[in-house]
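All heavy atoms count here, side chains included; hydrogens, waters and symmetry mates do not. Bear in mind that the values here come from a model prediction, so they are computed numbers and not experimental data.
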Amino acid sequence: MMFSFKKKTPKTTVLLSPATGKCIPLEDVPDEVFSTKMMGDGVAFDLAESTIFAPADGKITFIAETKHAIGMTLTSGIEILIHVGLDTVMLGGEGFDVLVEVGQKVKAGAELLEIDLALMAKHHLQLTTPLIVMANDAITLTPMALEKKVIGGETAVLTL
């Protein structure tokens with residue numbers, strides 16, 4: 001009997017949209033930390049609704065003290081960051097209701113965060129929300145929904 005030693009192809013990871021709204025290229029984000037991909041590659045979203053969802057199965061590894069950003073390590077080991085809005089850090093956590101905690105395991109589509117859209121509008125804050133794949137030099141990202149309306153926790157937006 002002969003054994004077949006096939007080289008395993010790496011498993012593709014699909015990320016769902018963390019938000020309902022329009023998916024836009026990261027280069028279009030009006031903040032050079034994101035648009036120049038200083039933190040990593042990804043896509044961004046112009047929010048239409050107030051809930052942020054887990055883009056894939058994984059574990060919550062970071063919640064900003066100001067509640068505007070959540071980091072996850074996916075079951076594949078890839079680290080991602082969801083950064084809600086551009087100057088939202090100035091609110092010091094006001095207007096954000098975090099629904100998870102560091103160390104918690106979540107499934108794709110789980111609700112992570114609620115945003116007070118009226119408060120954000122009152123402060124004239126830009127709610128463009130980048131989804132960043134951290135330290136991704138060895139990972140090829142393929143956007144799947146650029147310039148399209150996406151549904152948070154449902155629409156596939158990136159394959160890795």
Side-chain angles (χ1 to χ4, degrees), residues 13-75 78-136 141 143-158 160:
T13 300
V14 175
L15 298 184
L16 304 178
S17 178
T20 296
K22 183 180 178 185
C23 183
I24 62 172
L26 200 58
E27 295 84 358
D28 290 357
V29 174
D31 181 324
E32 68 178 29
V33 169
F34 299 110
S35 64
T36 62
K37 302 180 183 180
M38 235 180 267
M39 298 181 72
D41 203 352
V43 291
F45 305 89
D46 285 330
L47 299 191
E49 293 182 10
S50 62
T51 306
I52 301 297
F53 301 91
D57 294 353
K59 186 165 130 181
I60 304 300
T61 51
F62 170 78
I63 298 171
E65 202 175 301
T66 51
K67 303 177 186 176
H68 73 287
I70 294 181
M72 287 180 65
T73 298
L74 308 182
T75 52
I78 294 168
E79 294 181 329
I80 63 166
L81 178 72
I82 303 165
H83 190 283
V84 180
L86 300 180
D87 294 319
T88 49
V89 68
M90 71 176 233
L91 293 177
E94 185 185 2
F96 294 100
D97 185 15
V98 179
L99 308 172
V100 291
E101 55 192 44
V102 171
Q104 184 176 335
K105 289 186 176 175
V106 295
K107 293 282 187 195
E111 293 183 4
L112 303 179
L113 184 66
E114 280 291 330
I115 305 156
D116 182 339
L117 296 178
L119 180 76
M120 301 299 157
K122 183 178 141 191
H123 287 279
H124 307 288
L125 292 172
Q126 166 77 273
L127 287 181
T128 300
T129 298
L131 168 62
I132 306 293
V133 178
M134 310 295 285
N136 59 358
L141 274 66
M144 302 166 64
L146 289 179
E147 304 300 339
K148 293 184 178 152
K149 182 171 177 9
V150 294
I151 297 172
E154 294 181 23
T155 309
V157 293
L158 274 177
L160 319 174

pair [X]-[Y]: side-chain heavy atoms closer than 4.5 Å:
X	Y	answer
Asp41	Val133	no
Leu15	Val43	no
Lys37	Leu26	yes
Val29	Leu86	yes

Among Ile70, Val84, Thr66, which one satisfies side chain to side chain contact (heavy atoms under 4.5 Å, CB included) with Phe96?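 When Ile70, Val84, Thr66 are each tested with Phe96, the side chain to side chain contact (heavy atoms under 4.5 Å, CB included) holds only for Val84.
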
Distance-minimising heavy-atom pair for [X] and [Y]:
X	Y	answer
Leu119	Gly95	CD2-CA, 3.5 Å
Leu131	Phe45	CB-CE1, 3.8 Å
Val150	Ser17	CG2-OG, 3.3 Å
Ala156	Ala145	O-CB, 4.0 Å
Leu146	Pro25	CD2-N, 3.6 Å
Leu16	Glu154	CD2-O, 3.6 Å

Just wondering, more than 12 heavy atoms not from [X] lying within 6.0 Å of its [atom1]?
X	atom1	result
Asp87	CG	no
Lys149	NZ	yes
Glu147	CD	yes

Quick one: do Ile151 and Thr20 satisfy side chain to side chain contact (heavy atoms under 4.5 Å, CB included)? Show the steps, please. CA-CA 4 Å; Ile151 297 172; Thr20 296; 4.1 Å; yes

Nearest 0.5 angstrom please: [X] [atom1] to [Y] [atom2], how far?
X	Y	atom1	atom2	value
His68	Ile115	NE2	CD1	11.5 Å
Ile63	Gln104	CD1	CD	8.0 Å
Thr13	Ile78	OG1	CD1	4.5 Å
Glu27	Glu32	CD	CD	14.0 Å
Thr36	Asp31	OG1	CG	8.5 Å
Leu112	Met72	CG	CE	6.5 Å

Anything under 3.5 Å between a donor and an acceptor, one on a side chain of residues 46-62, the other on a protein residue two or more places apart or in another chain? List them.
residue, atom, partner, partner atom, Å
Asp46, OD1, Thr128, OG1, 3.2
Ser50, OG, Glu114, OE1, 3.1
Thr51, OG1, Glu114, OE1, 3.4
Thr51, OG1, Glu114, OE2, 2.5
Asp57, OD1, Ala108, N, 2.7
Thr61, OG1, Gly71, O, 3.3

Would you please test Lys67 and Leu91 for side chain to side chain contact (heavy atoms under 4.5 Å, CB included) and show each step? CA-CA 9 Å; Lys67 303 177 186 176; Leu91 293 177; over 6 Å; no

Before you tell me yes or no, could you show the steps for Leu81 and Met134 under side chain to side chain contact (heavy atoms under 4.5 Å, CB included), namely the whole-Å CA-CA distance, both residues' side-chain angles and the distance that decides it to 0.1 Å? CA-CA 7 Å; Leu81 178 72; Met134 310 295 285; 3.9 Å; yes

As a quick check of understanding, evaluate side chain to side chain contact (heavy atoms under 4.5 Å, CB included) for Leu127 and Thr88, giving each step before the final call. CA-CA 8 Å; Leu127 287 181; Thr88 49; 4.0 Å; yes

